[in-house]
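Scope of the values below: all heavy atoms of this structure, side chains included, with no hydrogens, waters or symmetry mates. Note on naming: letters A, B, ... go to the chains in the order of the sequence lines (proteins, then strands), and numbering restarts at 1 for each one.
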Amino acid sequence: MQAVILAAGEGTRLRPLTRSRPKALVPVANTPILKYVIDALLKNGIREIVVVVGYRKEHVIRYLTEQDLPVRVVVQEKQLGTGHALMCAEPFIRDRFLLLAGDNYIDAASIARIRAERNAVLVTDHPNPSNFGVVVTKDGLIREIKEKPDSPSGLIVSTGIYALDRSFLRYTAEHQEVPDALQAMIRDGTRVVPVRASEWLDAVNPWDLLEMNARLLPQIEARRAGTISRSAKLYGLIRVGKGTEIGPNTFIRGPVIIGEDCRICPNCVIMPNTSIGSRVTIDPLSYVARSLIMDDTAIGSHSRIIDAVVGEACRLQDHTATWTTGAVLERDGGYQKAAFGAVLGDRVCSAPFTVLKNCIVGNNAAISAGNTTVTGVIPDEAVVV
Amino acid sequence: MCGIVGYIGSRNAARVIVDGLQKLEYRGYDSFGVATNNPRIEVFKRKGKISEMGSDAWSLHGTIGIGHTRWATHGEPSDRNAHPHLDCRGRIAVVHNGIIENYAALTRELRERGHEFRSETDTEVVAHLVEEFYDGSDLRTAVEKTVARLEGSFALLVTVEGLEEVIAVRDSSPLVLGIGDREVFAASDVTPLLGYTERVVYLEDGDLATLDREGWRVYSHGHPVRRRVEHVDWDVETVKKGGFPHFMLKEIYEEPRVFHDTLHGFAASSLPERYRHPPEITVVACGSSYHAGLVFKYLCESTCRIPVRAELGSEFKYFTPPLKGIVTVITQSGETADTLAALKKARAYNCPTLAITNVLGSTVTRIADHTLYMRAGPEISVAATKSFVAQLAVLMRLIDLMRGNDRLLTALEQANTVIGEVLLLDIDRAVEICRPAEHLFYVGRGLFYPIALEGALKMKEISYIHAEGYAAGELKHGPFALLSDQTPVVALCPPGDTYSIMLSNIKEMKARKAPIIGIGASGDRELTDIVDVFLPIPESPELVQLVATSVVLQQLAYRTAVALECDVDQPRNLAKSVTVE
């Protein structure tokens, strides 16, 4: 059995977090989503893995090389659709293979269920089916997959994971997208069965990463490397990477993961469902909860970061606070409502006493005036004065 | 990272293993060793490159064997520390890839039980543990008991005198088996197997495999498990580069990590007292290392107020070494002949000597009084990239160590993220300007002058375009006559003391119609307006900009060379380390 993982697309709906990495490389519980997919395959003994890369390909390749993962990399020079991406891997496909998206979480049990099938789609129930391909079945077979329909006919959606064989490539040669090709194959009379996934997660919007983070954190292995002050109090499932310092009287309640070479200063509080990357600094008396903080970020003292996704190398000065409300955001021409504190891109800077109220701040944006309350969507490179 | 290979079958094991290790050399190359089981254990191990000395091991007899190529982490590379390691009686041979975290405690325990250790490596405890548990018949149980005592990550191969068997264990370090016709291979990755067999078995964490001529069996937690045989048709080069088209690009993308690791790799005690307050410093190096030395000259003179001479290795023999003060040599490989000659001369004049190198235990480390290491990992591409930024990291940290503070360390705090940032830079238009050019000029002032020299060197060596680096002020003393619309100029114009004069230099060059690629701080409108292509470096301290600029110039050279279809990793006429004067 072979597997083809598509990791070439940017994942534009996850912007601003996809500027320096494709969605597949966005870390959740300090592990890129792509790694979970590869692990699920390896646990099933599927070793022949082809990863199709494109957008920011060097970063994906560097990650795969660093991890010494047994995969073959294929480059899709232009992102012309999932069908085209699969065709890039065509020379290496011999017979039966699994096709997966590198930017959705999938567990090993689901792979075990679908791997024995000849032509099958892994499906799951989703409360918001109109964001996905809605699966219409009849007599136990898939009749149709409707991509992002306005009025979905049911709650069963395609996970974008398929068991196929080489004959499918005839259809992707003619259709740019995999669902279209599948549709054509079904029309030609091939039987395609739905298989239920056990656990599959997709972050459609950046704030969905917070839930994904909370779902995946219980899987981490407890470990206490680094230097932890004797008066620090750590409860629950906690993983601390090597070189990390945790100062006196800091309180941490798991599940929490903290990467390598971080500095968590005295008297901080870190509450459950928080992931902190490597080389992150959190100054004294700060409070962090239900958040995903990426590498090299620094958070000033007396800050309060809750329900936030913070990109790489952000500089948040003292007394920065997030404020979770469920305001309506205008994004990419549409309106969306979601309750979260803040989503910050890479290298965001904020002045002291900034309040981030249910906002999305673009990469390299600077909030240079103190005592500002930021709401709504701030574009990349913006300066808020 | 190290590489291991094992073999059992009917071929000459030593030849198979040496051949395999050569393909794993990209994982490490400071020493290597082979042990064969014939049925006595015969061992050959050497400090040095397997590609140069591997055939010496062919003298070993036998059709069962294990081998290792090393990149030292515990204990310097030497004949003694090279793998395979043996137990007290020389009957059990072990090779290991990975790190055994609790080796110090185990060593103590085994010493108390009377075991004698011969090396400084973490691996040797494995051989002694197996000896402790081995009852003369059941090797598998002995290895299982051994593994239960080990913490860390490892892939192990074990063979015992008189037993026609090799045991392979994998835990968090890669290991694959190659299945042939009445022969079995084991290796860190598939490269050594290709050419012998296409059928492989990937072991999983916690697996223990027994290999003999009849076949192989895998056990997990003591119980037999099934592992599938898979078919591979990969080629060697693809595996080594992990998907990058060239080693050079792979190494450029490692730079954020390398810079950070090198910078933070020194304790305050890494520099002995006698190097802290020298009356003067002489830096001797060749090629890119010389340019790193020049950066140090500018930096050290302004921050420490110590006079610094930077000399080329090959020219140093015509000068007198300083009568007082220290001599510092910089060499990635530690084997550069000119630099070594200069070092020996300095020693002859009784100067205290300090070496900066990437290769643990290389020749330079044995000659110099003290060594500081960069943590770049093996560099394969001939053009230095990650080793250059690692040298900058060491030299900048050296200034901190001399001054006894962490000022530069603090200033460089964000350097890895800024390097990461410039890797995202779109340089297509700059490449378009360089590609058709026959001559290129690189100009900079102050600290950025050596960076201009290094940028030009990179361009020359891999794209074969004639590129020259100049101090911007020197241009008017001659080279200005060459400027025309056919000679693009790469101008380094960072904010700071040199900014305004650099800007007027650029305007003068622009007046001679030279196309200008300007590199400066992002948001610099004035510079953006006068240059043809502007490459912005994110706002950051000057030293961070310096490192980031050199990374941009490496990329410019790389992309230009690729556009010209040059052989990036193996440029014509050049060798990675120049070991003849």
Side-chain angles (χ1 to χ4, degrees), chain A residues 1-2 7 19-21 39 42-53 56-75 91-92 94-95 225 242-243 260-261 263 278-279 281 294-298 311-315 346-347 349 363-364 366 381 383, chain B residues 1 27 97 101 153 155 172-176 188-190 200-205 225-235 238-245 247 249-257 260-261 264 377 413-418 420-421 423-424 522-523 536 538-540 555:
Chain A
M1 182 64 118
Q2 294 175 294
R19 192 187 60 121
S20 64
R21 57 181 94 75
D39 282 346
L42 295 179
K43 278 186 197 150
N44 277 283
I46 299 171
R47 291 276 169 187
E48 271 188 81
I49 302 172
V50 181
V51 179
V52 183
V53 300
R56 298 284 184 223
K57 55 180 181 288
E58 292 86 359
H59 289 81
V60 186
I61 298 171
R62 180 177 55 135
Y63 176 75
L64 294 171
T65 323
E66 263 176 18
Q67 298 286 313
D68 232 328
L69 291 167
V71 300
R72 175 195 284 276
V73 175
V74 171
V75 178
F92 306 109
R94 286 193 302 277
D95 181 26
K242 62 174 195 272
E260 295 178 2
D261 299 320
R263 204 154 46 87
S278 290
R279 302 175 299 278
T281 309
M294 298 187 199
D295 295 349
D296 296 296
T297 281
E312 278 179 20
C314 290
R315 291 251 156 299
D346 293 343
R347 310 180 64 79
C349 296
N363 296 293
N364 283 316
E381 320 282 338
V383 179
Chain B
M1 204 154 85
R27 302 176 73 95
N97 172 25
E101 285 167 5
S153 67
S172 303
S173 287
L175 192 63
V176 291
S188 298
D189 66 39
V190 296
V200 305
V201 175
Y202 291 94
L203 295 181
E204 296 185 11
D205 283 347
V225 286
R226 291 179 57 180
R227 296 281 176 251
R228 292 164 52 90
V229 177
E230 328 227 350
H231 183 89
V232 292
D233 50 3
W234 301 13
D235 68 90
T238 317
V239 180
K240 289 190 198 168
K241 291 176 202 154
F244 279 105
F247 282 112
L249 191 63
K250 175 173 183 272
E251 285 156 9
I252 288 176
Y253 272 82
E254 286 169 16
E255 287 177 336
R257 175 178 294 252
H260 180 270
D261 288 355
H264 290 82
E413 202 181 353
Q414 288 283 298
N416 61 320
T417 73
V418 175
E421 191 68 13
L423 290 177
L424 302 174
S522 82
E539 255 179 76
S540 46
Q555 273 197 304

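Scanning both residues, B/Tyr253 and A/His59, for their nearest heavy atoms gives CE2-CE1, 3.6 Å. Shortest non-hydrogen contact noted between A/Arg347 and B/Val418 is NH2-CG2, 3.8 Å.
Annotation: side chain of A/Glu58 is not in contact with side chain of B/Ile252 (no heavy-atom distance under 4.5 Å).
Neither the backbone nor the side chain of A/Asp346 has a heavy atom closer than 4.5 Å to any heavy atom of chain B. Of the atoms belonging to B/His264, not a single heavy atom falls under 4.5 Å from chain A. Contact of B/Pro245 with chain A is not made at all, since no heavy-atom distance falls under 4.5 Å. The part of B/Arg257 that comes within reach of chain A is its side chain, from C-beta onward, which places non-hydrogen atoms under 4.5 angstrom from that chain.
One finds the CG atom of A/Asp295 at 10.0 Å from the NE2 atom of B/His260 (value rounded to the nearest 0.5 Å). Residue A/Arg279 holds its CZ atom at 9.0 Å from OG1 of B/Thr417, rounded to the nearest 0.5 Å. Atom CZ of A/Arg56 is separated from atom CG of B/Leu423 by 10.0 Å, given to the nearest 0.5 angstrom.
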Inset, instruction - Evaluate salt bridge (charged side-chain N to carboxylate O under 4.0 Å, His left out) for A/Arg19 paired with B/Glu421, printing each intermediate quantity in order. - result: CA-CA 10 Å; A/Arg19 192 187 60 121; B/Glu421 191 68 13; 2.9 Å; yes
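Residue A/Arg263 places its CZ atom among 12 or fewer non-hydrogen atoms of other residues, nucleotides or ligands, all under 6.0 Å distant.
Comparing A/Lys57, A/Glu312, A/Arg315 by heavy-atom pairs within less than 4.5 Å of chain B, the highest count is held by A/Arg315.
Residues B/Glu204 and A/Arg47 are paired through a salt bridge, judged by an N-O separation under 4.0 Å between the basic side chain and the carboxylate.
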